[in-house]
Amino acid sequence: MEGMDVLAEMGELTRRGQAFALATVVWRQSPSSSQPGARAIITADGELHGWIGGACAEPVVIREAQRVIAEGTARLLLLGTPDQFGGGVPDGMTVIPISCQSEGALEIYIEPVVPVPHLVIIGGSPMARTLASLAGALGWRTDLVDGPDFTPDRADERSMIVVATQGHDDEDVLIRAVAARPAYLGLVGSRRRGAIVLGYLAERGVPKEDLDRVRVPAGLDLGKTTHQEIAVAILAELVQLRASGALSGRRTVTAPAEAIDPVCGMTVATASSRPLRHDGADYYFCCAGCRQAFEQDPDAYIKKETRC
């Protein structure tokens, strides 16, 4: 995957509302196989689409990209041995020593790409239409859905759902909305009406922990307001919660199991390296060259590893 293919994949992931990282090579030292401007997409699951470098660079980039996605902060990496960069490494760069046979080096910028907020508004009242218009003005991906047409697959754990059916099958719609397990779920209505609806759902067997996540009434308490002002109050609450990080919907990324290559000292993802068993222990390698060197004289590298 190169060039326009990478851009097309970015568009598709964004359309699906998936977070990912974009890695771009900004500098290389020959004879690295990559070139400045080479790009790759890395998903939160560790899938890499594109080209960013060979067997030495790829596992490191995937690992660091997953951290970038989890933290939401860009990172500039220098991949190579420290002596290749002397003492002139600027502050803010992360130096990750790698010892590939090619003796090349790379500078890679990894940035998180976070999807725009996704708001699902269920209902067709003037308030619902006003809320949809306001959210659209913020650039949010907004779906305005009639109650009977809403299904849980219209949202996910990153979505925000506002149920504004205003007495028209509130209970059934809310059951389906709860099933989507969104980052935010609010019911438009009075506290009294909300208590009745939630009580009914509790009698229907909806778990208490799910009902506790429903905000009733949705929106900041602005006192007596018009329908249009209720829309503003709801949007204000969503903006406030997102700004505080309460609605990040950020996935917990589990770092892959890692091992140290006893020959070159590189960190290797064990899932991507076939282990070599020696004296009851498994050893992992970044490339075939390191594996071959270890096989020829394992004791030399085990002693080296022990001294370190």
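FYI, side chains are in, hydrogens and waters are out, and symmetry mates aren't considered; it's all heavy atoms of this structure. As the structure is a computational prediction, the values presented were derived from the model and not from experiment.
- Taking each heavy atom of His118 and Ala155 in turn, the nearest pair found is CE1-CA, 4.4 Å.
- The same ILVMFWY cluster, assembled from side-chain heavy atoms under 4.5 Å apart, contains both Val68 and Val60.
- In the hydrophobic clustering of this structure, Val162 does not group with Val216; members are Ile, Leu, Val, Met, Phe, Trp, Tyr whose side-chain heavy atoms approach within less than 4.5 Å, directly or through other members.
- Here the OG1-CD1 distance, from Thr43 to Ile69, works out to 6.5 Å after rounding to the nearest 0.5 Å.
- Closest non-hydrogen pair, Ala177 versus Leu185, comes out as CB-CD1, 3.7 Å.
- Nearest heavy atom pair, residue Ala23 against residue Ile52, reads O-CD1, 3.4 Å.
- The line from CZ of Arg204 to CD1 of Ile175 is 4.0 Å long, rounded to the nearest 0.5 Å.
- Between Pro117 and Arg242, the closest side-chain pair of non-hydrogen atoms falls below 4.5 Å.
- The aromatic rings of Phe294 and Tyr283 sit tilted relative to each other, their planes meeting at an angle between 30° and 60°.
- Residues Phe285 and Pro262 meet the side-chain proximity criterion, which asks for heavy atoms closer than 4.5 Å.
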Checklist entry - Going through the distances and angles, do Val6 and Trp51 end up as a side chain to side chain contact (heavy atoms under 4.5 Å, CB included)? => result CA-CA 9 Å; Val6 172; Trp51 172 254; over 6 Å; no

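- For His278, the NE2 atom sits in a packed shell: over 12 heavy atoms of surrounding residues, nucleotides or ligands are nearer than 6.0 Å.
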Item to check | side chain to side chain contact (heavy atoms under 4.5 Å, CB included) between Leu7 and Arg39, intermediate numbers included | outcome: CA-CA 10 Å; Leu7 296 177; Arg39 290 176 293 190; 4.0 Å; yes

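- Put simply, the side chain of Leu238 reaches to within 4.5 Å of the side chain of Trp140, judged on heavy atoms.
- When the options Leu119, Leu241, Val120 are evaluated for a side chain to side chain contact (heavy atoms under 4.5 Å, CB included) with Tyr184, the one that passes is Leu241.
- Between Pro217 and Gly189, the shortest heavy-atom contact is CB-O, 2.9 Å.
- Leu222 and Glu229 make their closest contact through CD1-O, 4.3 Å (heavy atoms, listed as atom of the first residue, atom of the second, distance).
- Annotation: side chain of Val26 is in contact with side chain of Leu76 (closest heavy-atom distance under 4.5 Å).
- By the criterion of side-chain heavy atoms lying less than 4.5 angstrom apart, applied directly or through intervening Ile, Leu, Val, Met, Phe, Trp or Tyr residues, Leu220 is not grouped with Val163; the two fall into different hydrophobic clusters.
- Partner of Arg181 under the salt bridge (Lys or Arg N to Asp or Glu O under 4.0 Å) criterion, chosen from Asp210, Asp153, Asp156: Asp210.
- The CG atom of Leu106 lies 9.5 Å from the CD atom of Gln35; values are rounded to the nearest 0.5 Å.
- Side chains of Val263 and Arg291 form no contact here, defined as non-hydrogen atoms less than 4.5 Å apart.
- Placement of Ile161 and Val188 in two distinct hydrophobic clusters is found when ILVMFWY residues are connected by side-chain heavy-atom separations under 4.5 Å, directly or transitively.
- When all heavy atoms are compared, the tightest approach of Gly46 to Gln66 is N-NE2, 3.4 Å.
- In this structure, the side chain of Arg129 engages the main chain of Gly124 through a donor-acceptor pair within 3.5 Å.
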Checklist entry - Between Val178 and Arg213, does a side chain to side chain contact (heavy atoms under 4.5 Å, CB included) hold up when you go through it step by step? => result CA-CA 9 Å; Val178 166; Arg213 298 176 64 245; 5.7 Å; no

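- Using a 4.5 Å heavy-atom threshold, the side chains of Ile41 and Met10 count as touching.
- Within the model, atoms CD1 of Ile110 and CG of Leu77 stand 4.0 Å from one another, a figure rounded to the nearest 0.5 Å.
- The 12-atom threshold is not exceeded at CD of Gln292, counting heavy atoms of other residues, nucleotides or ligands nearer than 6.0 Å.
- Using a distance-only test at 3.5 Å, with no hydrogens or angles considered, a donor-acceptor pair links the side chain of Arg176 to the main chain of Phe150.
- For the atom pair CD1 of Ile234 and OG1 of Thr130, the computed distance is 10.5 Å after rounding to the nearest 0.5 Å.
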Next on the checklist: I'd like to know whether Leu138 forms a side chain to side chain contact (heavy atoms under 4.5 Å, CB included) with Val239, so could you lay out the CA-CA distance, the side-chain angles of the two residues, the decisive distance to 0.1 Å, and finally the verdict.
Outcome noted: CA-CA 10 Å; Leu138 293 182; Val239 171; 4.2 Å; yes

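- A salt bridge links Arg215 to Glu237: one of the charged nitrogens lies within less than 4.0 Å of a carboxylate oxygen.
- No path of Ile, Leu, Val, Met, Phe, Trp and Tyr side chains, each step under 4.5 Å between heavy atoms, connects Val114 with Leu13, placing them in separate hydrophobic clusters.
- Proximity of Met160 to Pro182: side-chain heavy atoms (C-beta onward) are nowhere separated by under 4.5 Å.
- The CD1 atom of Ile196 lies 7.5 Å from the OG atom of Ser190; values are rounded to the nearest 0.5 Å.
- Shown here are the side chain to side chain donor-acceptor pair (under 3.5 Å) partners of Asp146, two or more places apart in sequence or in another chain: there are none.
- Annotation: side chain of Thr165 is not in contact with side chain of Leu174 (no heavy-atom distance under 4.5 Å).
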